[in-house]
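Here the structure comes first, spelled out in structure tokens, and everything after it is commentary.
Note that the structure is a prediction, hence the values are computed from the model and not measured. Residue numbers start at 1 and run along the sequence shown.
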Amino acid sequence: MGLQKYKEDFILFSEAGFIAINQSDEDAAVKLFKAASLLKPENTLPKVGLGYMHLCKLELKAACKAFEEVLAKEPNNEMARTFLGLAMALTPTDVSKGEKLLAESAKKSHDPMLKNLAETAIAFVEKFVKKGPTPTQGMK
């Protein structure tokens, strides 16, 4: 029987991992996502969760890598695509690629929360990321 007995708990472990991230408990999040991965190794949600953890910590390269791995397996994963767009939009060399992914998510996503996230992220990038420093900020 082994792990089969706990397969139905996959979503609970995954959700708890996201909650742990939002509580800044990285250790618990990693353990919860690993547990979820053991229960359903084929499911990409734990990898999205780990990418989200990296995104929250502004470890943008690691976040992009995780989301790209998910998209290699599941090209239509809207959550991974939206988070990848956000991570790229915050990466100075990939801002335009990130904006493009976010625009696609805002337009095509079936999930209203992801659409809203993408629209909010685009506005944030326009207002804070792409805007150059003001004359007083440029003086040192």
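Pairs engaging residues 58-67 under the side chain to side chain donor-acceptor pair (under 3.5 Å) rule: H54-E59, K57-E59, K65-E69 [sequence neighbours left out].
Applying the ring-ring contact (aromatic ring centres under 6.0 Å, His included) test to F10 and every residue at least two apart in sequence or in another chain returns nothing. Under the side-chain contact (heavy atoms from CB on, under 4.5 Å) criterion, K107 pairs with no residue at all, not counting sequence neighbours. Contacts of N22 classified as side chain to side chain donor-acceptor pair (under 3.5 Å), with partners at least two apart in sequence or in another chain: Y52. Contacts of L58 classified as side-chain contact (heavy atoms from CB on, under 4.5 Å), with partners at least two apart in sequence or in another chain: L60, L90. In this view, A35 and F13 satisfy the side-chain contact (heavy atoms from CB on, under 4.5 Å) rule, not counting sequence neighbours. K115 pairs by the side chain to side chain donor-acceptor pair (under 3.5 Å) definition with nothing, not counting sequence neighbours. For F124, the ring-ring contact (aromatic ring centres under 6.0 Å, His included) test picks out F128, with sequence neighbours left out. Listed by chain and number, the residues in a side-chain contact (heavy atoms from CB on, under 4.5 Å) with L12 are D9 (sequence neighbours excluded). Not counting sequence neighbours, the partners of K31 by the salt bridge (charged side-chain N to carboxylate O under 4.0 Å, His left out) test are D27.
Across every non-hydrogen atom of C56 and I21, the tightest pair is SG-CG2, 3.9 Å. Looking at every heavy atom in both residues, A29 comes nearest to A20 through N-CB, 3.7 Å. What you find for A118 and A106 is that their closest heavy atoms are CB-N, 3.6 Å.
Distance check: L50 CG to E26 CD gives 9.5 Å after rounding to the nearest 0.5 Å.
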If you look only at distance, which donor and acceptor atoms sit under 3.5 Å apart when one is on a side chain in residues 94-102 and the other is two or more places apart or in another chain?
residue, atom, partner, partner atom, Å
E99, OE1, K130, NZ, 3.3
E99, OE2, K130, NZ, 3.4

Would you give me the side-chain donor-acceptor pairs under 3.5 Å for residues 77-84, sequence neighbours excluded?
residue, atom, partner, partner atom, Å
N77, OD1, M79, N, 3.2
N77, OD1, A80, N, 2.9
N77, ND2, T44, OG1, 3.4
N77, ND2, E74, OE1, 3.0
E78, OE1, S109, OG, 2.9
E78, OE1, H110, N, 3.1
E78, OE2, H110, N, 3.2
E78, OE2, H110, ND1, 2.9
R81, NH2, P75, O, 2.6
T82, OG1, E78, O, 2.8
T82, OG1, S105, OG, 2.9

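Panel note: side chain K47, backbone A66; no donor-acceptor pair is recorded below 3.5 Å.
With a 4.5 Å cut-off on side-chain heavy atoms, F67 and L86 do not count as touching. Under the 4.5 Å side-chain criterion, counting only non-hydrogen atoms from C-beta, L45 is in contact with I11.
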Given side-chain contact (heavy atoms from CB on, under 4.5 Å), test K34 with V30 step by step and report yes or no.
CA-CA 6 Å; K34 281 184 181 179; V30 169; 3.8 Å; yes

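Criterion: ILVMFWY side-chain heavy atoms under 4.5 Å apart, direct or through other members. Under it, L32 and I19 are not part of a common hydrophobic cluster.
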